Amino acid sequence: MKMGTALIYDEEMTKYKLLWVDPVCKIEVPERLTVSHEALIKTGLADRCISVPVREATDADILLVHSEEYLEAVKKTPYMTLEDLQEFTLQYGDVYFHPNIYHCAKLAAGAALQLVDSVMTGKVRNGMALVRPPGHHSMRSAASGFCVFNNVAIAAQYAKQQYGVKRVLIVDWDVHHGQGVQYCFEDDPSVLYFSWHRYEHQKFWPQLKESDYNSVGKEKGAGFNINVPWNKVGMKNSDYLSVFCHILLPVAYEFSPDLVLVCAGFDSAIGDPEGEMCASPDIFAHLTHLLMNLAGGKLCAVLEGGYNLTSLPQSVCQTVQTLLGDPAPRPANLDGPCESALESLHCVRSAHRQYWSCLKHAAELPTSDVTTKRIKLAEEEEDKLKKVEEEKNAEEEVWPEPPKRVAPAVRTALVLPNDVACPDGCKRFSSSEDPVIVNKLRKNFLKDADDSDALTSLSSLIALVEKMERNEICNGLALVPDVSMAMMCVVQHAATALRNRVLVVCVGDAGVSSHGTEDGKTLVVQFSNREPEEQKCKYHISVCLKKGCSDVSGFAQAVLGLLLPLGYEYDPSLVLLARTPDSGLCDSVWQQLTGLLQGIAQGHTLVLMQEAETSCVGPTASSLFGDAAPSLGKLHAPLPEDVEALERLRHRLQVDWKLLQTTAPETG
Ligand SMILES: CC(O)(O)NCCCCNCCCN
Ligand SMILES: [Zn+2]
């Protein structure tokens, strides 16, 4: 059952603004909210959401995070004169007050609480709250960075108190460090806070030492605070996806949260005057998708920053459209993370290797910090030159409108033997016996050409692939007599008919054809417990796990840290996911895999299973249909030999596949 997506917005939160001259604060304008909401309406996305009203956070709600003296002080601001407001503002940094901002700050925090209520009571699956003032900089007794109350921190404490939530993941993709959130939870192991942020070696606001990668949390909270500093501007989609695949997702799956809160700031998108990054708005479709199979899909996104009135609404729409379950657009040319991002990736992974078993084998920090210093000096030289360059063209950033994301008329089609029931919501699919297809199949594939039910299922399969190629059907599942033959048949058809590439993911020991791997039309990634003979080529990758796919955490780490980056970089037009009965894969892991892979190829995932596996039809169909996969629960440590094998494999493949890199190449 697909539950809906909540949208929380109230125009009252547009009714405060900067009343005096302050160049730092002038970008935080009411139009940020109106253009975002209007875009959701214009695109028809708002109508597809469940509108949930805001409410005012109560004093008790606010006191979950803030001190009484701070709350009492803010309570006085509605009655202040302009001079008093300016006076009051001076005690804080990079923030402004207004007679109506206290009211709006209660609504912003209340909106986040309404979102938590809607998700935790099962009224909706996920949702987004469009709010201002933002929250993640505000601290126990201080406003900061346009923030008055810490909306997301309050929501996390509220979820724990009201719903007994054990573990909350907070993902902060805003381009600024949410120091307020870090301070609130740094000794709290029940809240994992992840933030990336423009840092430039502490030169960028709020210029805190504790925003660096070595602030990992304190006491019991050690390991539960992850800072990814961007020491350069211009970070792109590859940089963001690399950090998700090699830091956030492996740790998030090990942590296994009961609820995911997103500090959804969009100043990390291209065109933003604060971030000066180069990631395109559609990247937020992928970031959102990659989080949607955690916590059984319970995801609350709360707006933080975002100051470019063109990229902000585009990014908001990309996020909401993904929450609604629409397929993500294909990621434009991912060319691998930049050197500075790799440096940060390496530092973060090594700072956290002692806390997370998935990072256990991350490379050590560069021993001599001479290296880091040398890199820094080189970077500073380079930056000075670049700064001149940037001044010139900062304002003229242009980027293409994100591509239209049309959800096909039919989401999931199933090719099943007649005696197998079709799960509700999905469409049973069988093709009209197209003589052309039938003859080709007879000639090329079928040993005994009169094997009619093989013929039927294969010709239906081909017809289904063609409908997916025409985007008339999003994804599909086929129960076939022979998985290897069906795979070869689809791959051969795809190689000729489909304009584009096919990613073949094979779980278990089915014989896999290497057709198309020599010229890159096909990328095969096979998971099994059999030691591969020598690695065939760049496009035929065998992942050997000691216990095959039956070891949940080993398999999960292989999917997150190897398969996903490969799939994103390869950027196929079809994902063929085949499993054989010997795979040893449990349903929930299989559903996670099926869910995650739908972020690739615009969701065109075709699952092939042996006819005997009828018990797996239901779980597979629900994942293909867009239901969130069940949580895997806390992951124990993967087998050391598996982690080492994965690290070796990743190290060898990263020469060809840039998104597999996790450390900066040894600088000469
Ligand atoms: C919610 C938020 O994270 O977007 N607030 C950003 C506050 C920025 C403060 N000024 C920085 C001055 C350097 N340009
Ligand atoms: Zn920000």
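Counting starts at 1 for both ligands and their atoms, following the listed order. Note that the structure is predicted; figures quoted are calculated from it, not measured.
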Q: Decide whether a cation-pi geometry holds between R132 and Y16; the criteria are a distance under 6.0 Å from NZ or CZ to the six-membered ring centre and an angle within 45° of the ring axis.
A: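 Yes - R132 lies over the ring of Y16, closer than 6.0 Å to its centre and within 45° of its axis.
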Q: Kindly compute the distance separating OG1 (T322) from CG (L287), expressed to the nearest 0.5 Å.
A: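 The distance works out to 9.5 Å.
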Considering the heavy atoms of [X], write down every atom of ligand 1 situated less than 4.0 Å from one of them.
X: G305; value: 1 (C), 4 (O)
X: Y307; value: 1 (C), 2 (C), 4 (O), 5 (N), 6 (C)
X: H136; value: 1 (C), 2 (C), 3 (O)
X: P134; value: 1 (C)
X: V24; value: 10 (N)
X: D267; value: 4 (O)

Could you tell me which N, O or S atom of [X] is nearest to the Zn ion (ligand 2)?
X: D174; result: OD1
X: H176; result: ND1
X: D267; result: OD2

Select the closest option to [atom] among [options], judged by heavy-atom distance.
atom: atom 11 (C) of ligand 1; options: E276, H197, R132, E274; answer: E274
atom: atom 9 (C) of ligand 1; options: D172, I27, D94; answer: D94
atom: atom 3 (O) of ligand 1; options: H137, H177, E304, Q179; answer: H137

Between [X] and [Y], what is the ring plane arrangement, given parallel below 30°, perpendicular above 60°, and tilted in between?
X: Y9; Y: H37; answer: parallel
X: W173; Y: F284; answer: tilted
X: F244; Y: W196; answer: tilted

Q) Where do Y307 and F146 land on the ring-ring contact (aromatic ring centres under 6.0 Å, His included) test, with the steps shown first? A) CA-CA 12 Å; Y307 307 97; F146 315 147; 5.6 Å; yes
Q) Side chains of Q162 and D117: is there a donor and an acceptor less than 3.5 Å apart? A)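 No, no side-chain donor-acceptor contact under 3.5 Å.
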Q: Compute whether any side-chain donor of one residue and acceptor of the other, for S238 and K658, lie under 3.5 angstrom apart.
A: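 No - no donor-acceptor pair under 3.5 Å links their side chains.
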Q.
Please determine whether any non-hydrogen atom of E28 lies less than 4.0 Å from an atom of ligand 1.
A.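 No, that is not the case, since the closest heavy atom of the residue is not under 4.0 Å from the ligand.
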Q. Based purely on interatomic distance, does W205 place a nitrogen or oxygen under 3.5 Å from a nitrogen or oxygen of ligand 1?
A.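 N/O-N/O distance under 3.5 Å: no.
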Q. So, are K75 and D59 salt-bridged, with charged N and O less than 4.0 Å apart?
A.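 Salt bridge between K75 and D59, a charged N being under 4.0 Å from a carboxylate O: yes.
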(Q) Considering non-hydrogen atoms of the protein only, which is the closest contact for atom 5 (N) of ligand 1, and what is the distance? (A)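 For atom 5 (N) of ligand 1, the nearest protein heavy atom is G145 O, 3.1 Å.
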(Q) I'd like to know if the side chain of H136 reaches the main chain of C263, judged simply by a donor and an acceptor atom lying under 3.5 Å from each other, with no hydrogens or angles considered. (A)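 Such a contact is absent between H136 side chain and C263 backbone.
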